[in-house]
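Quantities reported herein were computed from a predicted structural model and do not represent experimental measurements. Quick note: numbers below take in every heavy atom, side chains included, and nothing from hydrogens, waters or symmetry partners.
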Amino acid sequence: MHTFGAAELLLLQAFLKDIEILEINRFTGNYMAVNYREFQKLNLPVIEQEMLAKWSENQAFEKSVSLRNDAPSFVFYEGPPSANGMPGIHHVISRTLKDLVCRYKTMRGFQVNRKAGWDTHGLPIELGVEKELGITKEDIGKKITVEEYNRKCREAVMRYKDKWDDLTKKMGYWVDLNDPYITFDNNYIETLWYLLSKLYEKGLLYESVSIQPYSPAAGTGLSSHELNQPGTYKMVKDTSAVVMFRAVKDEKSAFLFEAVANAGRQASRAELETGHSPLAIDHSPFFLAWTTTPWTLPSNLGLTVGERITYVLVQTFNPYTHLPINVVLAKDLLGKYFKPEAENTGFGEYKEGDKVLPWRILTEFKGAEIEGCRYEQLLPFEANSPEKSGGDPFRVLLGDFVTTEDGTGIVHTAPAFGADDYRVGKKYNIGILTMVDRQGKFVDGLGEFSNRYVKNYKDDKDYVDVNVDICVKLKKENRAFKIEKYEHNYPHCWRTDKPVLYYPLDAWFIKTTALKDRLVALNKTINWKPRSTGEGRFGNWLENMVDWNLSRSRFWGTALPIWKTEDGSEEKCIGSVPRLKEEAAKADKTLGTNNAKIMADLDLHKPYVDDIILVSESGKPMKRVPDLIDVWFDSGAMPYAQWGLDHEKLKAGDPYPFKQPFNKNYPADFIAEGVDQTRGWFYTLHAIAGLLFDSVAYKTCVSNGLVLDKNGNKMSKRLGNVVDPFKTIEQYGADATRWYLITNASPWENMKFDLEGIKEVQRKFFGTLYNTYQFFALYANVDGFAFKEAYIPLEQRPEIDRWILSSLNTLIKKVTEYMDDYEPTQAGRAIEEFMDEHLSNWYVRLCRRRFWKGEYEHDKVCAYQTLYECLETVLKLMAPISPFFSDALFQNLNAVTGRHNTESVHHADYPVSKPAAIDASLEERMQLAQDISSLVLSLRKTARQKVRQPLQKVLIPVLNKHMKDQIELVEDLIKSEVNVKEITYLTEDNGFIKKKIKPNYTVLGKKLGAKMKPVAAALAEFSQDDIAKLEKDGSISLNIENEPLILQTNEVEITSEDIPGWMVANKDALTVALDVTVTPELVSEGNARELVNRIQKIRKDSGFELTDRILVKVTEHQELSQSIAQFNNYICAEILADKLELVPEIPDGTEIEVNDIPLKVFVTKKA
RNA sequence: AGAUCCGUAGCUCAGCCUGGUUAGAGCACUACACUGAUAAUGUAGGGGUCAGCAGUUCAAAUCUGCUCGGGUCUACCA
């Protein structure tokens, strides 16, 4: 079947509409139309379909780039989405933002390359495949080979690519989908390897341990994503223990021992006699620490306290051994262990079996004061001797994670089994002890606990909880203060249902902290929108940066290119495919491996890369470390990897060995994504660029907020409040959707998405634009206006034309500034305001007659040229935000006039504001005219005088000459707009006006300060004479609180308030009074106008053409005959009548009413 | 737990940086008008303890602090 091209369509439409096509546009090669296309009704989706067809036929996007081949480039990076999920409406906002900036910069004369990209690795893809196949991670390598599994992943990755492409197209997002970068591509991965090898060479890539959730039953680490599965956190009852760590006496702890000794000296006789003295048996202070995992106690190496937390040393008894003891804990937590009424009592009487423990505070101090105190190891065995820890353990440390919500305010710290513990332990170098193996049981050399499982991982019926046994031992040894069952929420492995351990696992890190200061400094050069994201969220993140843990134990992702010998003594980091080939061949030669087979059809994924064996310098075989890397490295490396590695440059030692056009495309001028990417893509881009190239990756970063539903809830499938972007665009059009998303709120604010809002935009903005265009097209087609006449200089145009063009140029200036500042919301709102307030509701409304009255001569041409220029300019201004409708109308205009040498508005240059066209004074007086008109209309309303009834005069008090001059210049406009015969100006000297005075607070406030109030009161008392005197002399003297004070005129504001005896209205300093007296003369004229209106209606109802001449007969009526006779010429001119006759009787005329007078009219078209 | 953004009319948002005396606009609602742009437009009306509390100041929606509510991010989640 034949499909029509755009030009053909245009031709066809023209035929259908009986429009003749005359010539071919000398620029575009398209047929030029004689008439502007008129629409039947506004249907944005249909127009968008047409535009899409046209764009694709003319390769409009490609041309928008290639036309700027010699232009400077504006660099944009596309953040890669993952195509394994459906796109949502929130994607539309960030993509609109990206698109409009790129389109804008293109129109501003830059070349903007836009390479699309796909994020293809990562856990969501693995999980999707597992769900689809009904398998779990455990089955990989058993029920399914890694090879098959990864093939499935590769297939699944692009599952919704078609949908994404479709949305991209339909929403009008111009990005190059034909040549995207794909993160699973070998060339892409190779570049990642290169970057990793560079980090390795710089010593910024290292292996260490990290504490991760680990499932001993499944023998695997868990991601926090897995930990966030529903049902993993369960309430369980565990044996918790508050245990006692015995302080060692040294300089730091001396004050504690001293406090105990002091108490001993003051002990009562009873205490001494019962052996309950604080000095009895063991007088050492003990640190109390709480744990819900007693199995971690053999691995304890530190005690962490809060620097600013207040601690107390308390004398009391051990509830199990009943021995007198002295313990340290947080003051806030005393209530958990001691009863208030037992304080300072009963020490002498305490005996075994007493429920209530006597207690007294011996001293009080801050956590900071016990930093560095040493204590004895709680459970010393052969396996956990201090030397084995590799550090200097058993000290009191400071940590900011300590709270006084639970426990004792002193945290038992086992670096192996907690992320916080590990971090603080590392800071103080207390070493690490891992007394539990990967099966979840204690190691050898722990006495009676050796080889016992710390939880029941083997479903042993006879399992005895080792935690309980540890507690029993501690009780016996006077080292337990409180043992109880404690119910808490604890994570479980979602596969085995067994409790998770936090366990130290080997991992590879990027040493981002090494260059933290540089990264912080570079960040300060980035233009963040909004500023707070960069300074606050991102800045803080950089300040508190930790090293980047790259390792992931997964299957589908970028492999870490590091090979190690079995003993770990030698390793190699491979930075390119040629290097890998070289090394692989070497191994084949020396070790007799069969790498060649794998290399022949190389895939840099598992399992293939894992099968490659390399050879070390000393001739030992090396295997790849099994880790994959964090997918965020994939996307953060896109500035380089999107182009790939250039082997020639690499050989030549180029510091940027990437394929062209890398050099022209680094760093980015602009990126934009959701604010959730702050710690994601924004960070990884920044980190890689900073670490490897000492550069920013992007100069401007716009972060957009979330799209919520109309009630402010997050959109989720579960709630069923997800907005389908396809349906939205289909129903309301991409333009209206885009315009709504951009103008409703600043992009970085969360937006409540409401379809009603799109409807409003459609009606209000696009409807007005459409009406204005239709209005223009209607008359321009009648008059044959095609901008053939020379451009009429501004000074030869009427005031109102100069005004709208001045406003237009002011608008261009504003919009350009906003767009340059990445404030599209402000730009869009400014365009809306111009379109509505200025162009449609003032210029067009006031100028309507100019388009349909009179001959085609100077004034009419002025009107056409002016309106045309306004329309054309607005279309260009709005084109980046709503690309379809603007282009459609632009092309319709250009098809007739051929003013632009471009096929599309998107190939045109953005308008440039002409300062010479801007006349601030003119804009000011037109604002006055609008305000005055509005006030008069308001008065008419109150006086019940309709606008068609002419009135005699308006009074306007003028405060100064400037104001009078300004209003006089727009007097005619006001008079015709409000249908009033004359304007009279009242000046101060005719004493007609009542004036009002009030302080100019801004000026006076600074001068007077506290005296403001009495002065304001004094001014309120001013008489008209006082005000007059002040105005005449320029100053006046007051007596305020018995002190003289001189006021200048510039320190007060004087406005006219009232005109006694007149009907007045105010707005700011403007006051207007209306004479509402209706004389017989005025009534007569009003009648004539009313009659015109009725006959116009008849013309319209009869379906006459605009230009048809008519003949009119009207029945005689005594009250009206006078009017009709007097205004006969006027009436005929208005209604295009050749003749208006008064006749006694019309048998079959139309019945009408003119100001309540019934009449019959007979209208016929002149043959 | 920390960080950050937001809270103004029934709804969507201005105003806040740079404090100034009646806190605005659009939508919606009601009434009236206008009508050769008409699925448009004008005028009028009701509608607000500017989230709350405290402080600074002659003066606070605006500056400061705290609290409450909502969102997001981070704690190896893509």
Side-chain angles (χ1 to χ4, degrees), chain A residues 41-42 82 85 119 121-125 127 210-213 221 223-228 400-401 403 405 419-420 507 509 530 532-533 535-541 544 546 548-552 630-632 635 674-680 705-706 708 710 712-714 743-746 748-752 754 756-757 759-760 763-764 767-768 770-776 778-779 825 829 832-833 836 840-841 844-845 848 851-852 933-934 937-942 944 946-948 998-1005 1008-1016 1093 1096-1097 1099-1100 1104 1106:
Chain A
K41 63 174 208 172
L42 177 59
S82 173
D119 190 21
H121 287 144
L123 190 63
I125 292 153
L127 293 178
S210 84
I211 310 303
Q212 302 175 41
S223 68
S224 68
H225 178 267
E226 288 165 299
L227 230 47
N228 285 333
D400 54 11
F401 56 89
T403 68
E405 260 154 45
D420 285 334
F509 291 84
S532 61
T533 300
E535 283 175 0
R537 189 183 279 209
F538 196 66
N540 284 320
W541 166 250
N544 299 319
V546 292
W548 180 359
N549 182 356
L550 265 190
S551 292
R552 297 291 184 277
D630 185 1
V631 290
W632 283 109
S635 51
V675 69
D676 53 342
Q677 294 295 335
T678 309
R679 267 88 173 225
L706 294 198
L708 309 170
K710 64 177 178 181
N713 298 311
K714 205 179 164 181
T743 58
N744 182 59
S746 283
W748 34 88
E749 273 175 54
N750 291 344
M751 91 151 351
K752 291 181 191 165
D754 189 356
E756 288 301 315
K759 281 189 204 162
E760 190 180 322
R763 229 185 29 240
K764 195 120 182 75
T768 307
Y770 162 81
N771 276 330
T772 309
Y773 168 83
Q774 285 284 84
F775 174 85
F776 168 81
L778 179 67
Y779 294 109
T825 307
R829 286 176 179 171
E832 267 177 0
E833 196 199 344
D836 190 47
S840 173
N841 281 330
V844 173
R845 199 152 58 82
R848 273 196 308 241
F851 292 90
W852 51 265
S933 300
S934 167
L937 289 172
S938 155
L939 289 171
R940 272 183 172 277
K941 158 80 186 165
T942 319
R944 299 181 179 282
K946 53 181 155 188
V947 181
R948 237 181 271 119
K998 65 174 190 177
N1000 181 337
Y1001 283 95
T1002 319
V1003 175
L1004 264 188
L1008 297 179
K1011 278 193 211 151
M1012 205 58 237
K1013 273 189 179 146
V1015 171
N1093 166 253
Q1096 295 286 34
K1097 199 164 193 161
R1099 278 185 63 113
K1100 198 177 169 190
F1104 294 170
L1106 288 173

Undergrad: Rounded to the nearest angstrom, tell me the gap between atom CG in N1093(A) and atom C1' in A33(B).
TA: 12 Å
Undergrad: Kindly write out the residues that satisfy ring-ring contact (aromatic ring centres under 6.0 Å, His included) with Y770(A), not counting sequence neighbours, or none if the list is empty.
TA: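 For Y770(A), no residue satisfies ring-ring contact (aromatic ring centres under 6.0 Å, His included) once neighbours in sequence are set aside.
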Undergrad: For S840(A) and for T743(A), locate the closest nucleotide of RNA chain B by heavy-atom distance; then report the residue assigned to the nucleotide nearer the 5' terminus.
TA: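 First, find each residue's nearest nucleotide; the 5'-ward one identifies T743(A).
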Undergrad: At under 4.0 Å between heavy atoms, what does E760(A) touch on the DNA or RNA strands: base, sugar-phosphate, or nothing?
TA: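 Sugar-phosphate: the residue E760(A), judged by heavy atoms under 4.0 Å, touches backbone atoms but no base.
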Undergrad: Does N841(A) reach a base, just sugar-phosphate, or nothing at all? Heavy atoms under 4.0 Å.
TA: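 Contact class for N841(A): sugar-phosphate only.
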Undergrad: Would you indicate what D420(A) reaches in the nucleic acid, counting non-hydrogen atoms under 4.0 angstrom: base, sugar-phosphate, or nothing?
TA: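 No contact.
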Undergrad: Heavy atoms under 4.0 Å, any strand shown: does Y779(A) hit a base, just sugar-phosphate, or nothing?
TA: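 Sugar-phosphate only.
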Undergrad: Find the distance between CZ (F851(A)) and CZ (F775(A)) and round it off to the nearest 0.5 Å.
TA: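 It is 5.5 Å, given to the nearest 0.5 Å.
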Undergrad: Which heavy-atom pair separates T743(A) from T825(A) by the least distance, and what is that distance?
TA: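 Closest heavy-atom pair between T743(A) and T825(A): O-CG2, 3.7 Å.
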Undergrad: Just call it for T768(A): base, sugar-phosphate, or nothing, with non-hydrogen atoms closer than 4.0 Å on any strand.
TA: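 The residue T768(A) makes no contact with any strand.
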Undergrad: Sticking with atom C1', work out how far G15(B) lies from G48(B), rounded to a whole angstrom.
TA: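 G15(B) and G48(B) have their C1' atoms separated by 14 Å.
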Undergrad: Strictly distance-based, threshold 3.5 Å: is any side-chain N or O of S840(A) a donor or acceptor partner for the main-chain N or O of D836(A)?
TA: no
Undergrad: What is the distance, rounded to the nearest whole Å, between atom CH2 of W632(A) and atom C1' of C76(B)?
TA: 13 Å
Undergrad: Counting the atoms with a prime plus P, OP1 and OP2 as sugar-phosphate, which does R552(A) contact under 4.0 Å by heavy atoms, base, sugar-phosphate, or nothing?
TA: base
Undergrad: Starting at the 5' end of RNA chain B, which residue's closest nucleotide do you reach first, D630(A) or R845(A)?
TA: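 Looking at RNA chain B, the more 5' nearest nucleotide goes with R845(A).
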Undergrad: Using a 4.0 Å heavy-atom cut-off, does V631(A) contact any base of the nucleic acid, only the sugar-phosphate backbone, or nothing at all?
TA: sugar-phosphate
Undergrad: Within less than 4.0 Å of OP1 or OP2 of A40(B), is there a side-chain N or O belonging to N771(A)?
TA: no
Undergrad: Expected output check: what is the dot-bracket annotation of RNA chain B, where ( ) and [ ] are pairs inside the strand (brackets for crossing ones), | is paired with another strand, and pairs are Watson-Crick or G-U under 3.5 Å?
TA: (((((((..((((......[...)))).(((((.......))))).....(((((..]....))))))))))))....
Undergrad: Quick one: label R848(A) by what it contacts on the DNA or RNA (base, sugar-phosphate, nothing), any heavy atom closer than 4.0 Å.
TA: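 It contacts base atoms.
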Undergrad: Taking the side chain from R829(A) and the backbone from N744(A), do they hold a donor-acceptor pair closer than 3.5 Å?
TA: yes
Undergrad: If the cut-off is 4.0 Å, is K764(A) near the phosphate of U41(B), judged by side-chain N/O to OP1 or OP2?
TA: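 Affirmative; the distance criterion is met.
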Undergrad: Report yes if a side-chain nitrogen or oxygen of R763(A) is closer than 4.0 Å to either non-bridging phosphate oxygen (OP1 or OP2) of A28(B); otherwise report no.
TA: yes
